[in-house]
Amino acid sequence: MSEEKNLNFIEEIISQDLASGKYDQILTRFPPEPNGYLHIGHAKSICLNFGLSAHFGGGTNLRFDDTNPSTEETEYVDSIKADLKWLGFNWVKECYASDYFDTLYGFAVQLIEKGLAYVDDSTAEEIALQKGTPTAAGTGNEYRNRSIAENLELFTNMKAGKYADGAKVLRAKIDLANPNMLLRDPILYRIKKAHHHRTSDKWCIYPMYDFAHGQSDAIENITHSICTLEFIPHRALYDWGIENLGIYPSKQYEFSRLNITYTILSKRKLLQLVQEGHVSSWDDPRMPTISGMRRRGYTPESIRDFCDRIGIAKRENIIDFSLLEFCVREHLNKIAQRRMVVTDPIKLVITNYDKGEEVLHSENNPEDPEGGLRELPFSNELYIQRDDFMEEPTKKYFRLGPGLMVRLKSAYIVKCDSFEKDAAGVVQTVYVSYVPESKSGSDTSGIHVKGTLHWVSAKHAVPVVLNEYDRLFKVEDVASAEGDFKDYLNEQSLTKTNAWAEPALVSDALDMRFQFLRKGYFYQDNTSTKDALVFNRTVTLKDAWAKEQKK
RNA sequence: UGCCUGAUAGUAUAAUGGUAGUACGACUGUUUUUGGUGCAGUUUGUCUUGGUUCGAAUCCAGGUCGGGCAACCA
């Protein structure tokens with residue numbers, strides 16, 4: 001363990017618990033409900049829980065909180081495990097709340113026997129009404145006074161399937177006037193004749209979160225049970241269960257959940273986007289899901305770095321999306337292979353180049369001296385970006401225009417002599433002459449130019465499709481914007497562009513990270529093939545010129 | 001007219017009674033065969049009012065503002 005100073009409040013608690021000898025090692029858990037895919041908000045919790053046990057010594061369980069059969073599926077279980085592994089974390093045990101159903105049932109019987117739980121025949125509406133309001137105490141009903149024997153029999157019958165869904169519930173007998181609404185005789189078990197993804201039809205009664213989570217923590221001997229702020233009021237119940245059942249005293253701690261600008265981080269809302277077709281799937285590259293980010297080209301390292309940087313505290317927060325972008329750029333800059341891809345091309349003809357063609361070489365990554373070189377075919381007919389030519393260049397424009405000189409990346413310096421427009425007045429071809437002694441790496445021309453353009457040789461270029469993504473929502477704080485969050489969807493969040501790429505791309509591995517020079521970082525989509533290359537833009541490069549133009 | 005929780009630059013986060021620091025953002029300059037990267041620098045902050053103290057972001061009291069709590073969801 002390193003000598004670190006700035007501990008967050010949870011690390012502070014743990015290091016005190018360790019120093020006082022309360023624990024020799026810690027055990028945390030990551031407890032998703034398998035009712036959706038993991039998103040970047042979960043990543044924060046994952047990095048926290050796994051990071052804590054790695055840092056202080058101990059382990060982390062993966063526990064599926066599968067107590068509600070009507071929303072949970074095996075597909076989600078599998079995706080969660082895959083995402084966790086991809087992020088680079090290993091759990092010590094794979095657990096399921098459903099593995100504890102027998103134990104939990106026994107716990108409930110214990111409470112009934114102690115006179116601390118009763119079967120209530122009221123409807124959901126009646127129970128809600130009898131609970132009172134935050135400012136008015138609740139009232140009891142006749143079921144609250146049932147005898148232990150009667151409760152035992154009724155609960156046995158509930159388990160045996162003798163009653164319809166909703167006919168009865170098991171409630172804790174605590175305090176109907178408690179200022180904490182959660183303590184006003186909370187429901188422990190409900191009848192649900194639904195098929196469970198693991199226990200199948202064995203059970204028709206299922207424990208509620210508040211009678212499963214703390215109990216599962218205790219069963220696994222979790223030392224520090226870390227959850228988000230909205231569970232603070234549940235802590236009293238969590239402790240009540242542990243105390244009255246006499247089980248392992250796990251402790252709950254809460255931190256504030258992640259929010260990101262221009263993003264929604266709610267499984268329910270993300271599911272809506274998928275179901276209503278606003279995105280193609282859970283792993284649509286625009287989704288803030290781990291699988292979406294993976295498909296878009298984010299690296300696990302960049303996501304972990306992000307989670308490190310945002311910190312852990314108890315105050316509500318909304319993190320700038322630009323911090324996430326900074327984290328990916330920083331990692332990708334170090335590892336991405338440089339390639340040249342031209343969108344919206346105009347033809348560049350080199351009038352004095354009579355070699356026909358030659359093979360040039362360019363570095364794969366200027367950040368990596370050992371990254372090596374790649375072959376780059378060059379010829380007298382190239383494609384360059386349309387916006388790299390300006391008929392009447394403005395001040396500070398360092399690119400091509402009549403009489404202007406630029407360097408073609410890893411090739412030669414060229415000078416624009418003339419250009420040609422079509423009938424509609426659109427520039428089609430730019431004619432240049434090159435400086436033979438300016439060849440990259442052996443430049444003896446002594447000419448200094450300000451701009452360097454990327455290019456591809458027209459006859460060697462391969463067609464590719466680029467998926468360029470923008471933020472999914474138009475407003476910063478989507479969650480607190482008025483009305484339906486879907487009204488704020490950015491309908492321009494995906495632009496598909498046809499482009500021309502240098503041929504090296506065809507032979508590159510599918511999982512390589514690329515930087516298309518002057519355009520951004522790209523990653524091959526999982527639908528991409530050698531014959532039809534498709535790339536997702538992970539993130540743009542910082543663009544100082546675009547900023548300059550806005551002025 | 002309840003209970004619980006929180007408040008430090010634009011956004012996060014640290015300082016645990018003793019120099020308000022760091023990162024991202026923004027802005028300068030510089031380097032550069034990517035208007036990328038790197039490097040150097042500038043900018044902006046303790047919610048409020050009292051109190052305790054030699055000294056308060058930190059402790060105490062009142063106020064203000066934000067978030068949560070009345071699912072047979074987790």
Side-chain angles (χ1 to χ4, degrees), chain A residues 5-8 12 31-33 35 65-68 70-72 120 122-124 127-129 131-138 165-171 178-182 184 187-192 205-206 208-210 212-213 227 229-236 254 256 261 267-268 309-327 329-330 333-334 338 340 362-363 366-367 396-399 406-411 413 438 440-441 443 448-454 476 480 515-520 540-549:
Chain A
K5 264 204 235 151
N6 295 345
L7 302 181
N8 65 47
E12 198 76 54
E33 184 189 9
N35 66 345
D65 228 335
D66 54 351
T67 56
N68 184 2
S70 34
T71 57
E72 298 154 5
D120 193 326
S122 310
T123 64
I127 289 177
L129 225 55
K131 268 196 183 171
T133 68
T135 52
D165 283 16
K168 286 179 168 51
V169 290
L170 182 73
R171 287 229 253 171
N178 200 291
N180 181 347
M181 297 294 292
L182 261 340
R184 319 247 260 229
I187 293 170
L188 268 22
Y189 265 94
R190 77 285 215 186
I191 301 171
K192 220 169 207 185
I205 57 171
Y206 292 92
M208 297 289 289
Y209 167 86
D210 285 310
H213 201 97
C227 59
L229 253 31
E230 65 269 29
F231 290 97
I232 289 178
H234 293 253
R235 191 173 60 229
E254 312 85 8
S256 57
T261 54
K267 266 199 242 174
R268 204 191 90 246
R309 286 170 185 268
I310 56 180
I312 300 294
K314 297 189 82 150
R315 110 170 97 134
E316 307 285 333
N317 61 78
I318 182 159
I319 308 283
D320 284 340
F321 193 84
S322 58
L323 181 61
L324 228 196
E325 294 188 320
F326 166 82
C327 293
R329 282 199 193 102
E330 187 169 65
N333 178 47
K334 292 195 188 95
R338 312 296 138 122
M340 294 201 279
S362 187
E363 72 275 13
E367 303 293 311
K396 287 197 190 171
Y397 187 77
F398 307 147
R399 309 178 188 182
V406 296
R407 171 171 294 280
L408 297 173
K409 173 70 182 173
S410 298
I413 291 175
S438 68
S440 192
D443 186 347
H448 222 72
V449 292
K450 249 188 162 172
T452 300
L453 307 188
H454 66 282
E476 254 189 43
S480 35
Q515 183 196 105
F516 294 165
L517 247 55
R518 306 207 294 141
K519 302 200 79 64
T540 59
L541 255 27
K542 264 200 206 161
D543 192 348
W545 172 239
K547 224 177 258 173
E548 178 69 29
Q549 278 178 307

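Quick caveat: nothing in here was measured; it's all calculated off a predicted structure. For the numbers below, each heavy atom of this structure counts, side chains included, while hydrogens, waters and symmetry mates do not.
Nearest to the side-chain atoms of A:T452 among the listed nucleotides B:rU16, B:rC72, B:rU33 stands B:rU33. In the set B:rG35, B:rG68, B:rG25, B:rG25 carries the atom at the smallest distance from any side-chain atom of A:F326. Of all nucleotides listed (B:rC69, B:rG36, B:rC73), B:rG36 comes nearest to the side chain of A:N333. The side chain of A:K542 sits closest to B:rG36 out of B:rG36, B:rA70, B:rA74.
Counting non-hydrogen atoms under 4.0 angstrom, A:P366 reaches a base of the nucleic acid. Looking at heavy-atom distances under 4.0 Å, A:T67 makes contact with sugar-phosphate atoms alone, never a base. Looking at heavy-atom distances under 4.0 Å, A:R399 makes contact with a base. At a threshold of 4.0 angstrom between heavy atoms, the contacts of A:I318 are confined to the sugar-phosphate backbone, with no base atom among them. Here A:G138 lies out of heavy-atom contact (under 4.0 Å) with every strand. Within 4.0 Å of A:D320, counting heavy atoms only, lies at least one base atom of the nucleic acid. Residue A:A124 is in base contact, counting any heavy-atom pair closer than 4.0 Å across all strands shown. Within the nucleic acid shown, A:K547 comes within 4.0 Å of sugar-phosphate atoms alone, with no base atom in reach, counting heavy atoms only. Using a 4.0 Å heavy-atom distance criterion, A:F231 is classed as a base contact. Within the nucleic acid shown, A:S410 comes within 4.0 Å of at least one base atom, counting heavy atoms only. At the heavy-atom level, A:H234 lies under 4.0 Å from base atoms of the strands shown. Using a 4.0 Å heavy-atom cutoff across all strands shown, A:R338 reaches at least one base atom of the nucleic acid. At the heavy-atom level, A:N178 lies nowhere under 4.0 Å from the strands shown. Note on A:L517: a base of the nucleic acid sits closer than 4.0 angstrom, heavy atoms only.
Under the Watson-Crick and G-U wobble criteria, each requiring two contacts below 3.5 Å, nucleotide B:rG66 is paired to B:rU5. Across all strands shown, the partner of B:rA61 is B:rU49, judged by Watson-Crick or G-U wobble contacts whose two distances both fall under 3.5 Å. Both distances falling under 3.5 Å, in either a Watson-Crick or a G-U wobble arrangement, place B:rC39 opposite B:rG29. Base pairing analysis places B:rA71 opposite nothing; no Watson-Crick or G-U wobble pair with both distances below 3.5 Å involves it. The partner of B:rC24 is B:rG10, judged by Watson-Crick or G-U wobble contacts that both fall below 3.5 Å.
One interatomic measurement links the two molecules: CZ of A:R190 to P of B:rA71, which rounds to 14 Å at whole-angstrom precision. B:rA12 atom P lies 11 Å from atom CD1 of A:I310, rounded to whole Å. Here the P atom of nucleotide B:rA14 and the CD1 atom of A:I312 are 9 Å apart, to the nearest Å. B:rU13 atom C1' lies 9 Å from atom CG of A:N6, rounded to whole Å. Taking atom NZ of residue A:K314 and atom P of nucleotide B:rU13, one finds them 13 Å apart after rounding to whole Å. Between the CD1 atom of A:I205 and the P atom of B:rC72 there is a distance of 17 Å, given to the nearest Å. Summarising the geometry, the separation between CZ on A:R235 and P on B:rC69 is reported as 16 Å, rounded to the nearest angstrom. If you take CG of A:D543 and P of B:rG25, they are 14 Å apart, rounded to a whole angstrom.
Residue side chain A:Y209 fails the stacking definition with respect to B:rA74, as its ring centre and the base's six-membered ring centre are not both under 5.5 angstrom apart and under 30 degrees in plane angle.
Between the side chain of A:S440 and the base of B:rU33 there is at least one donor-acceptor pair of N/O atoms closer than 3.5 Å. The base of B:rG36 lies close enough to the side chain of A:E367 for a donor and an acceptor atom to sit less than 3.5 Å apart. Residue-to-nucleotide contacts include no donor-acceptor pair under 3.5 Å from the side chain of A:R315 to the base of B:rG67. Judged by distance alone with a 3.5 Å cut-off, no donor-acceptor contact links the side chain of A:E254 to the base of B:rU5.
No salt bridge links A:E367 with A:R338; every basic N to acidic carboxylate O contact stays at or beyond 4.0 Å. Contact check on A:K542 versus A:E325 returns no salt bridge, with no Lys/Arg side-chain nitrogen under 4.0 Å from an Asp/Glu carboxylate oxygen. Salt bridge annotation for A:D443-A:R407: present, with a cationic side-chain nitrogen under 4.0 angstrom from a carboxylate oxygen.
For the P atoms, the distance linking B:rU42 with B:rC4 amounts to 46 Å, nearest Å. Comparing the C1' positions of B:rU1 and B:rU43 gives an interatomic distance of 45 Å, to the nearest angstrom. Of the C1' atoms belonging to B:rU22 and B:rU44, the separation is 15 Å, rounded to the nearest Å. Between the C1' atoms of B:rU58 and B:rC47, the separation comes to 15 Å (whole Å). If you take atom C1' in B:rG67 and the same atom in B:rG18, they sit 34 Å apart, rounded to whole Å. Comparing the same atom, C1', in B:rU46 and in B:rA15 gives a spacing of 11 Å after rounding to whole Å. Of the P atoms belonging to B:rG62 and B:rG6, the separation is 16 Å, rounded to the nearest Å. Spacing between B:rU32 and B:rA26 at atom P, rounded to whole Å, works out to 24 Å.
One distance of note links NE2 of A:H448 with NZ of A:K450; it measures 9.5 Å at 0.5 Å rounding.
Aromatic ring centroids of A:F321 and A:F326 lie 6.0 Å or more apart. For A:F231 and A:H213, the ring centers sit 6.0 Å or farther from each other.
Checked by atom type, the side-chain pair A:S256/A:N317 shows a donor-acceptor distance below 3.5 Å.
Nearer to the 5' terminus of RNA chain B, by closest-nucleotide assignment, is the contact made by A:N317 (compared with the other of A:N317 and A:F516). Where A:R518 and A:K168 each meet RNA chain B at their nearest nucleotide, the meeting point lying more 5' is that of A:R518.
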Assess whether ring-ring contact (aromatic ring centres under 6.0 Å, His included) is satisfied between A:H234 and A:Y209, documenting all intermediate values. CA-CA 10 Å; A:H234 293 253; A:Y209 167 86; 5.7 Å; yes
I would like to know whether A:D165 and A:R190 meet side chain to side chain contact (heavy atoms under 4.5 Å, CB included); could you show each step before the answer? CA-CA 8 Å; A:D165 283 16; A:R190 77 285 215 186; over 6 Å; no
